[in-house]
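For clarity, every value in this text was computed on a predicted model and none was experimentally measured.
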Amino acid sequence: MPRPARRRHSQRRGPRLAKRLSGALCGLAFGAGVAFAEVQPTFDAARPDAQRQQGQRRFHAAMDGRLAAFMGDVKARETLLARLYREARLAGLPPSLVLALIEVESAFRPGAVSPAGAVGLMQIMPFWIDELGLAADDLKAPERNLRYGCTILAYYLAQENGDFTRALARYNGSLGRTRYPERVLNTWQRRWQLDSP
């Protein structure tokens, strides 16, 4: 009997997953002891304060040259870094970790489609549209893909109490194995880690 195809980002969880994701993200935002990043509410993202603007400028300056190895177009890099920073911060994720994940998943190709059917920069499986979005969502559009990917990873990170290795394994659909998380974390440390000021 043939084995069923492996599903990325875990198995389909049912129609109530969106509520659990919402609850998990609220837990990230308001839970005590969350040390990995401060969550910024959506309405503040459009008008970040001076400290957040400085953080974004520092991130952009540090990452633009590194990203140039993958994306030659300056405007495309600026747009991606701004969107990625905003989505990662909204989800309570380190933006540099999201860059590492994208390098491993798609090498920064927005139109990438895996043999399993995962789509875009963060390689999102289409079933997530039913769980989190609208039928019209285009997973190849970087802004949508980043929103989905950061939301999913934040959910798994909350489930795993901040354990990046286990959260990344869940994201990849390979919980119990460490090969994928090690690739992402090594890429993060080697290329994307933001130096201390």
Close side-chain approach of [X] and [Y], heavy atoms under 4.5 Å:
X: Phe164; Y: Pro181; value: no
X: Glu87; Y: Arg147; value: yes
X: Leu81; Y: Gln56; value: no
X: Val98; Y: Cys150; value: yes
X: Thr151; Y: Leu90; value: no
X: Ser174; Y: Arg179; value: no
X: Tyr171; Y: Met122; value: yes

same_hphob_cluster([X], [Y]) at 4.5 Å side-chain heavy-atom cutoff:
X: Leu121; Y: Ile129; value: yes
X: Leu153; Y: Leu194; value: yes
X: Leu175; Y: Leu157; value: no

Could you tell me the separation between the [atom1] atom of [X] and the [atom2] atom of [Y], rounded to the nearest 0.5 Å?
X: Arg170; Y: Ile152; atom1: CZ; atom2: CD1; value: 13.5 Å
X: Leu84; Y: Met63; atom1: CG; atom2: CE; value: 9.5 Å
X: Ile124; Y: Ser106; atom1: CD1; atom2: OG; value: 10.0 Å
X: Tyr180; Y: Leu101; atom1: OH; atom2: CG; value: 3.5 Å
X: Glu105; Y: Gln123; atom1: CD; atom2: CD; value: 5.5 Å
X: Thr79; Y: Asp73; atom1: OG1; atom2: CG; value: 8.0 Å

Looking only at heavy atoms, what is the nearest atom pair of Pro95 and Arg89, with distance?
-> CG-CD, 4.1 Å
Smallest heavy-atom separation, Ala169 atom then Arg177 atom, equals CB-O, 3.8 Å
Taking the side chain from [X] and the backbone from [Y], do they hold a donor-acceptor pair closer than 3.5 Å?
X: Asn145; Y: Val119; answer: yes
X: Arg66; Y: Arg191; answer: yes
X: Arg77; Y: Gly72; answer: yes

Let me have the donor-acceptor pairs involving side chains of residues 133-142, under 3.5 Å, with sequence neighbours excluded, atom names and distances please.
{"residue": "Asp137", "atom": "OD2", "partner": "Leu134", "partner atom": "N", "Å": "3.1"}
{"residue": "Asp137", "atom": "OD2", "partner": "Tyr148", "partner atom": "OH", "Å": "2.5"}
{"residue": "Asp138", "atom": "OD1", "partner": "Lys140", "partner atom": "N", "Å": "2.9"}

Has [X] got more than 12 heavy atoms of other residues, nucleotides or ligands less than 6.0 Å from its [atom1]?
X: Arg183; atom1: CZ; value: no
X: Gln54; atom1: CD; value: no
X: Glu143; atom1: CD; value: yes
X: Arg190; atom1: CZ; value: yes

Hey, what's the ring geometry for Phe59 with Tyr85, parallel, tilted or perpendicular (30° and 60° as the breaks)?
-> tilted
Return the set of residues passing ring pair (Phe, Tyr, Trp, His ring centres under 6.0 Å) with Phe108 (not counting sequence neighbours), or none when no residue passes.
-> Phe70, Trp192
Sort and list the pairs that fulfil salt bridge (Lys or Arg N to Asp or Glu O under 4.0 Å) and have at least one residue in residues 115-126, not counting sequence neighbours.
-> none
